[in-house]
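Heads up: the structure comes next, in structure tokens.
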Amino acid sequence: MVLNIIEINNLYKRYGNTIALNGINLSIAGGQIYGILGPNGSGKTTLLKIIAGILPASSGDIMVDEISVSRNADNIKSMIGYIPETPALYESLTPIEYFNFLASVFKIDDNILRDRVNAFSNALEIGKYLDEFIGSLSFGTKQKVAIIGSLIHDPKIIVMDEGMNGLDPKSSKIIKELLKDMTKKGKTVIFSTHIMEIAENVCDTISILYNGNIAGTGNLDQLKNEAGSSNNDLEGIFLKLTGDEDLDNLLDSLRESIKSTTPP
Ligand code: ADP
Ligand code: MG
């Protein structure tokens with residue numbers, strides 16, 4: 001029997017009158033890169049924050065490795081590395097100082113910390129920035145620092161909100177390879193994006209989130225079948241699965257995704 005690392009049951013989130021998640025059910029098998037794809041406002045960030053134990057659900061529950069998130073948020077935090085959409089890093093620290101700070105929070109031994117920082121900063125090619133102020137680093141380098149920070153306690157699950165946005169092609173390729181390596185070691189990566197090309201290139205399984213509902217789940221072939229689409233690209237599948245009720249919104253978001261994936 002394959003144990004799902006994450007089980008989401010009938011999950012609702014309301015902000016006042018806004019229903020951000022409208023009864024989500026998802027089973028996520030471990031050891032893969034799992035993508036949550038949806039336009040802006042579809043509920044991706046809300047879903048990822050609830051999975052990471054940062055935001056309470058209105059109702060329903062999430063089990064992470066058979067532990068209920070709502071009842072054990074603290075245990076969950078040590079299992080999950082969360083990379084927010086806009087990481088809030090301490091600009092006046094250097095990456096090394098930041099990693100030391102995290103190591104003290106997670107009680108990581110000095111030698112283990114040094115090995116992990118060396119391995120990750122080599123893999124992400126940021127060794128030469130480790131003693132510079134974070135505030136002086138480029139967007140891509142900051143993002144890499146945030147990623148290393150989220151991996152420093154060796155979490156089983158990596159939750160990344162819009163992780164590849166705005167990265168140069170080389171950085172995003174390096175990060176993609178790192179995430180793939182992690183899944184080979186049995187880790188699970190959950191990844192949100194509104195950019196189809198990223199979902200298509202990076203994810204083993206994709207769930208399409210639309211207006212707080214899951215419109216379809218599977219690999220590209222399964223989604224294609226579900227959409228009854230002979231069309232090979234995710235964009236066509238996305239449009240079929242979500243229907244055309246809100247086409248203007250959807251097209252705006254597609255245009256934005258095309259803008260952000262096309263080099264200037
Ligand atoms: P996404 O990440 O897909 O853009 P979000 O999860 O950020 O979607 O938002 C889903 C919906 O919930 C949107 O309608 C958004 O306006 C609303 N929302 C998100 N956060 C809040 C909040 N703190 N207060 C009120 N409404 C919110
Ligand atoms: Mg978001």
Side-chain angles (χ1 to χ4, degrees), residues 6 8-26 28 33-62 64 69-70 73 76 80-89 139 142-143 146-147 150 157-167 172 175 179 189-200 202-203 205-217 223 234-235 237-239 241-261:
I6 294 186
I8 301 176
N9 293 312
N10 215 14
L11 185 72
Y12 284 84
K13 179 67 187 183
R14 295 174 205 90
Y15 297 105
N17 291 329
T18 306
I19 299 178
L21 298 176
N22 190 24
I24 301 281
N25 293 291
L26 274 185
I28 300 181
I33 303 185
Y34 196 102
I36 309 286
L37 172 69
N40 291 327
S42 56
K44 302 180 296 296
T45 296
T46 301
L47 178 60
L48 295 190
K49 280 186 177 168
I50 296 175
I51 292 176
I54 293 165
L55 185 72
S58 300
S59 64
D61 196 21
I62 299 193
V64 174
V69 172
S70 60
I76 300 297
I80 291 188
Y82 174 67
I83 304 149
E85 187 167 359
T86 326
L89 297 170
F139 177 82
K142 279 184 190 163
Q143 191 74 350
I147 290 170
S150 76
I157 300 164
I158 297 122
V159 175
M160 214 177 167
D161 198 0
E162 305 274 355
M164 307 277 183
N165 288 5
L167 287 179
S172 60
I175 291 171
L179 296 179
V189 179
I190 303 170
F191 184 96
S192 82
T193 182
H194 66 279
I195 301 171
M196 298 194 208
E197 202 180 313
I198 293 180
E200 220 168 330
V202 177
C203 303
T205 310
I206 296 166
S207 276
I208 292 178
L209 189 61
Y210 188 60
N211 284 342
N213 294 293
I214 299 290
T217 290
L223 286 171
L234 197 50
E235 193 166 305
I237 295 166
F238 191 102
L239 284 167
L241 286 176
T242 52
D244 63 356
E245 315 142 40
D246 207 4
L247 205 55
D248 282 346
N249 253 337
L250 202 55
L251 288 176
D252 279 348
S253 143
L254 288 179
R255 273 184 213 112
E256 192 188 329
S257 73
I258 289 162
K259 250 195 309 197
S260 43
T261 48

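Just so you know, ligand 1 is whichever comes first in the structure, and atom 1 is the first atom listed for that ligand.
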Test Ile36 against every option in Ile208, Leu26, Thr193, Ile206 by the side-chain contact (heavy atoms from CB on, under 4.5 Å) rule and name the one that passes. Leu26
Nearest 0.5 Å please: distance from the CD1 atom of Ile83 over to the CZ atom of Phe191. 9.5 Å
Would you check if the side chain of Lys13 reaches a backbone N or O of Thr18 as a donor-acceptor pair within less than 3.5 Å? no
I'd like the contact residues of ligand 1, where contact means a heavy atom below 4.0 Å. Tyr15, Thr18, Ala20, Pro39, Asn40, Gly41, Ser42, Gly43, Lys44, Thr45, Thr46
Where the side chain of Asn25 meets the backbone of Asn10, is there a donor-acceptor pair that is under 3.5 Å apart? yes
With Thr205 via side-chain hydrogen bond (donor to acceptor under 3.5 Å, both in side chains) - residues at least two apart: Gln32
Could you tell me if the side chain of Ile157 sits less than 4.5 Å from the side chain of Tyr34, heavy atoms only? no
Taking the Mg ion (ligand 2) as the centre, how many protein N/O/S atoms fall inside a distance shorter than 2.8 Å? 1
Taking the basic N atoms (NZ, or NE/NH1/NH2) and the acidic carboxylate oxygens, is any pair closer than 4.0 Å for Lys44 and Glu162? yes
Using the test salt bridge (charged side-chain N to carboxylate O under 4.0 Å, His left out), find all partners of Lys49 that sit at least two apart in sequence or belong to another chain. none
Check Ser192 against Asp161 and note the closest heavy-atom contact, atom names and distance. OG-OD1, 2.6 Å
